[in-house]
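Below: one structure, written as structure tokens.
Every value quoted in this text rests on a predicted model; they were computed, and no experiment measured them. Basis for what follows: all heavy atoms, side chains included, without hydrogens, waters or symmetry-related copies.
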Amino acid sequence: MTSSTTLTTVRLGTRPSPMALEQTTRFADTFRAGYPQAVLDIVEIVSDGDRHHGPLSAIGGKGAFTRNADRYLLDGLVQATIACAKDVPGPHDRSPGVIIGAVLPREDTRDALVLPTGHPATTLAELPPGTRVGVIVEHRADDPATGEVLAPLTHGPTRILLDAERAALATLHGGCLTAASAHATLDAASGVVTVHAAVLDPTGGDPLRACASGPSTSAHEVGQDAGQQLLDAGAERLLGRSA
């Protein structure tokens, strides 16, 4: 692993939920393989979402699973935090000073778990072999040393897709309570990234859809283009209904 930073110990914050710990274990394996001389200290951080049993809208929705981790990060109690990409708010809803440092490989983007009738798995350990859960790792913007350590762990194609999708949703000022979606694909041969984005009508009316493509080196701009197309088509009207 290429990094000029000398490592001794890295403190990584994670939620104590079974899924979060599974993600952390997978990242830890990757980290230790790249930095066998370093110690990875896992710090469990209970989120507002973990404590709350009910609609996330009752506790602010956006950032329910990341707010406490952000505090630990910004207060210097940990050097990095790990989370599901879907739980990380867009930059318009995020604590300033926190940035993405590493993105691990994306698996199947269909966010669904289908179990056999009468024999559901009750723990992650009981899931069938080959089941994968995917994660991102963040750090403070003013901590370039940790950023340098995390950067080589990033899966480039997944980072491109994530940047494009998050840019589309950020343009819409979307969050976990917004009826909006963005899905990016990457053509490895041509290096073209394509973003399909949509804003749905919570009342059941016709959705608005948009598509934008461009070079993977401009993934953020491609995502912004898709989001702006939706705004130009009147998405604010629908977004207001789902806010």
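With contacts defined as side-chain heavy-atom distances shorter than 4.5 Å, the pair V149/Q79 does not qualify. Looking only at side-chain heavy atoms (C-beta outward), D201 and D206 stay at 4.5 Å or farther from each other. Using a 4.5 Å heavy-atom threshold, the side chains of V137 and L12 count as touching. Looking at T146 and R140, their side chains never come closer than 4.5 Å, going by heavy atoms from C-beta outward. The closest side-chain heavy-atom distance from V193 to D163 is not below 4.5 Å. Using a 4.5 Å cut-off on side-chain heavy atoms (C-beta onward), Q229 and D225 make contact. Annotation: side chain of I42 is not in contact with side chain of F27 (no heavy-atom distance under 4.5 Å). Side-chain contact between N68 and V46 is absent, with no heavy-atom pair separated by less than 4.5 Å.
Cluster membership check: V43 shares its hydrophobic cluster with V98, using side-chain heavy-atom separations under 4.5 Å among Ile, Leu, Val, Met, Phe, Trp and Tyr. Cluster annotation: V88 and Y72 are assigned to distinct hydrophobic clusters (Ile/Leu/Val/Met/Phe/Trp/Tyr, side-chain heavy-atom contacts under 4.5 Å, transitive). V192 and L186 are members of different hydrophobic clusters when ILVMFWY side chains are connected at heavy-atom separations under 4.5 Å. Taking hydrophobic clusters as Ile, Leu, Val, Met, Phe, Trp and Tyr residues chained together by side-chain heavy-atom distances below 4.5 Å, V10 shares a cluster with L153. Hydrophobic clustering of Ile, Leu, Val, Met, Phe, Trp and Tyr side chains at less than 4.5 Å, counting indirect connections, keeps I82 apart from V78.
Side-chain atoms of E165 come within 3.5 Å of backbone atoms of A184 as a donor-acceptor pair (strictly under, hydrogens ignored). At least one donor-acceptor pair closer than 3.5 Å links the side chain of T154 to the backbone N or O of V103. A donor-acceptor pair under 3.5 Å links the side-chain atoms of T158 to the main chain of R106, judged by distance alone. The backbone N or O of H196 lies less than 3.5 Å from no partner atom in the side chain of R209, so there is not a single donor-acceptor pair. Under a 3.5 Å cut-off, the side chain of R166 and the backbone N or O of H220 do not form any donor-acceptor pair.
Summarising the geometry, atom CZ belonging to F31 is positioned 12.0 Å from atom CG belonging to L104; distances are rounded to the nearest 0.5 Å. For the atom pair R71 CZ and L77 CG, the distance stands at 12.0 Å (nearest 0.5 Å). One distance of note links CG of L230 with OG of S181; it measures 8.5 Å at 0.5 Å rounding. Within the model, atoms OG1 of T81 and CZ of R15 stand 12.0 Å from one another, a figure rounded to the nearest 0.5 Å. Note: T185 OG1 to I160 CD1 = 11.5 Å, rounded to the nearest 0.5 Å. Summarising the geometry, atom NE2 belonging to H173 is positioned 10.5 Å from atom CG belonging to L239; distances are rounded to the nearest 0.5 Å.
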Checklist entry - Given the rule in the side chain to side chain contact (heavy atoms under 4.5 Å, CB included) test, do L162 and I100 qualify, once you have shown the distances and angles that lead to the verdict? => result CA-CA 10 Å; L162 183 67; I100 296 174; 4.0 Å; yes

Item to check | Verdict with supporting geometry, V39 and T8, side chain to side chain contact (heavy atoms under 4.5 Å, CB included) | outcome: CA-CA 6 Å; V39 174; T8 53; over 6 Å; no

Next on the checklist: What verdict does the side chain to side chain contact (heavy atoms under 4.5 Å, CB included) test give for E44 and L21, after you've listed the backbone C-alpha separation in whole Å, the side-chain angles of each residue and the deciding distance to 0.1 Å?
Outcome noted: CA-CA 9 Å; E44 294 187 6; L21 293 176; 4.0 Å; yes

Next on the checklist: Using the rule given for side chain to side chain contact (heavy atoms under 4.5 Å, CB included), can you reason through I99 versus H139, listing the C-alpha separation, both sets of side-chain angles and the distance that settles it, and then say yes or no?
Outcome noted: CA-CA 6 Å; I99 59 176; H139 66 94; 3.5 Å; yes

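Between A226 and A212, the closest heavy-atom pair is N-CB, 3.8 Å. Nearest heavy atom pair, residue T171 against residue G227, reads CG2-C, 3.8 Å.
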